[in-house]
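Have a look at the structure that comes next, please.
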Amino acid sequence: GKILAHRYQLIEKIGGGGMAEVYRAFDQLAKRDVAIKILRQEFVHEDDFIKRFQREAESIATLSHDNVVTIYDVGEEDDLYYIVMEYIEGHTLKQLIQKEGKLSLERSLDIAKKIASALNHAHQHHIIHRDIKPQNILVGENGEVKVSDFGIARTLSSATITHTGSVLGSVHYLSPEQAKGGFTDEKTDLYSLGIVLYEMLTGKLPFSGDSPITVALKHLQENFDYPRDLNPEIPQSVENIILKALEKDPTKRYQSAEEMLYDLETALDPERIDEPRIQLQ
Ligand code: ATP
Ligand code: MG
Ligand code: MG
């Protein structure tokens, strides 16, 4: 078959990570722009990667939510494994933070709520993202926020970390349980969202260092600067959300995306905004 070649006209490469390359393309049948994610050529004979790629497609296809990128088509032809999805014109959250520095309180909360809402939906469908980071959050021109790049498994993330320098950044968003290669559940995504919220509000990462190992160890052992010491405009209620998401012990963290979403939605309520700082365990 030559569906890919006939139906979709590739326009430009728009991204690529450890596992795939992403192109903007024009769907000549549906007459719309699409994004096509294609499994890297070096992996098309590796069953692990093919399975992972297919599972990623299944994960997104299971979900139907305003803040999850919509999948249109998935397939394989002539050793080309591809996922066709809606094209989001805009930036990744990473590019946005690089361009604008820290984001306003209102904007940060709006984006965090939308990510939490997407995670709540995914978790209800027993799908754990495991790779929440600004590079995987698409922010459209009209303010739409879409979580993409679903379903990285532990086995693959450890493989990709050594594969190419371009994915080393992901170690900044790893939960402590991911950093030590232990058991992970939904709460791993809430920790990563806590890091993303910290970064949006302060323009800084809570943990950084010269090597991935250094950063991983910090997730496990070290405290971070209080966000309010870096940006006094952050209300205590919002700092508390970060503190609770960044609990190293998953049993002390938010227990669900729904719980975190509720706190994000009510953080600016007058009776909550000046609540006392929660104690770091
Ligand atoms: P990673 O190594 O981070 O897991 P990946 O190879 O799995 O990356 P994606 O994160 O899915 O690939 O996509 C890579 C980049 O392509 C994104 O960071 C983004 O810039 C761009 N991109 C992906 N999907 C879309 C989309 N639907 N619309 C617009 N841009 C997109
Ligand atoms: Mg990605
Ligand atoms: Mg990925």
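These numbers come from the heavy atoms of this one structure, side chains and all, not from hydrogens, waters or symmetry mates. Just so you know, ligand 1 is whichever comes first in the structure, and atom 1 is the first atom listed for that ligand.
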Audit row: K133, D149, salt bridge (charged side-chain N to carboxylate O under 4.0 Å, His left out) steps and yes/no = CA-CA 10 Å; K133 57 183 177 182; D149 200 0; 5.8 Å; no
task = Report yes or no: does G16 have a heavy atom closer than 4.0 Å to ligand 1?
result = yes
query = Shortest non-hydrogen contact from A267 to R272?
reply = N-NH1, 3.6 Å
query = E259 pairs by salt bridge (charged side-chain N to carboxylate O under 4.0 Å, His left out) with which of R253, K244, K187?
reply = K244
request  = Report, in ascending order of atom number, the atoms of ligand 1 lying under 4.0 Å from any heavy atom of A20.
outcome  = 6 (O)
Distance-only N or O hit between ligand 1 and E86, under 3.5 Å = yes
task = Give yes or no for whether the N/O distance cutoff of 3.5 Å, strictly under, is met between D149 and ligand 1.
result = yes
message = Looking only at distances, can you tell me whether any N or O atom of L138, backbone or side chain, sits closer than 3.5 Å to an N or O atom of ligand 1?
response = no
message = Can you confirm, on distance only, whether ligand 1 has an N/O atom lying under 3.5 Å from any N/O atom belonging to K37?
response = yes
ask   = Is the backbone of A257 close enough, under 3.5 Å, to the side chain of N120 for a donor and an acceptor to pair up by distance?
value = no
ask   = Heavy-atom contacts under 4.0 Å between A35 and ligand 1: side chain, backbone, both, or neither?
value = side chain
key: L261 with L119, same ILVMFWY side-chain cluster at under 4.5 Å   = no
key: N/O separation below 3.5 Å, I88 to ligand 1   = yes
key: Closest approach to the Mg ion (ligand 2) by D149, given as the N, O or S atom name   = OD2
ask   = Side-chain donor-acceptor pair under 3.5 Å between Y173 and E199, yes or no?
value = yes
inquiry  = Using a 3.5 Å cut-off on N or O atoms only, is E56 in polar contact with ligand 1?
reply    = no
query = By number and element, which atoms of ligand 1 are closer than 4.0 Å to a non-hydrogen atom of D131?
reply = 4 (O)
request  = Taking the six-membered ring for Trp and the single ring otherwise, decide whether the centroids of F26 and Y8 are under 6.0 Å apart.
outcome  = no
key: Charged N-O contact under 4.0 Å between E222 and K248   = no
inquiry  = Show the atoms of ligand 1 that are less than 4.0 angstrom away from any heavy atom in N136.
reply    = 3 (O), 10 (O)
note = Atoms of ligand 1 under 4.0 Å from any heavy atom of T92, numbered from 1 in the order shown, are 18 (O), 19 (C), 20 (O)
query = Should you measure from each heavy atom of G15, which atoms of ligand 1 turn up under 4.0 Å away?
reply = 15 (C), 16 (O)
message = At a threshold of 2.8 Å, where the distance has to be below it, does the Mg ion (ligand 2) have an N, O or S atom of N136 nearby?
response = yes
ask   = Between I60, V22, I14, T70, which one has a non-hydrogen atom sitting closest to atom 13 (O) of ligand 1?
value = V22
Donor-acceptor pair, side chain of K113 and main chain of D110, under 3.5 angstrom = no
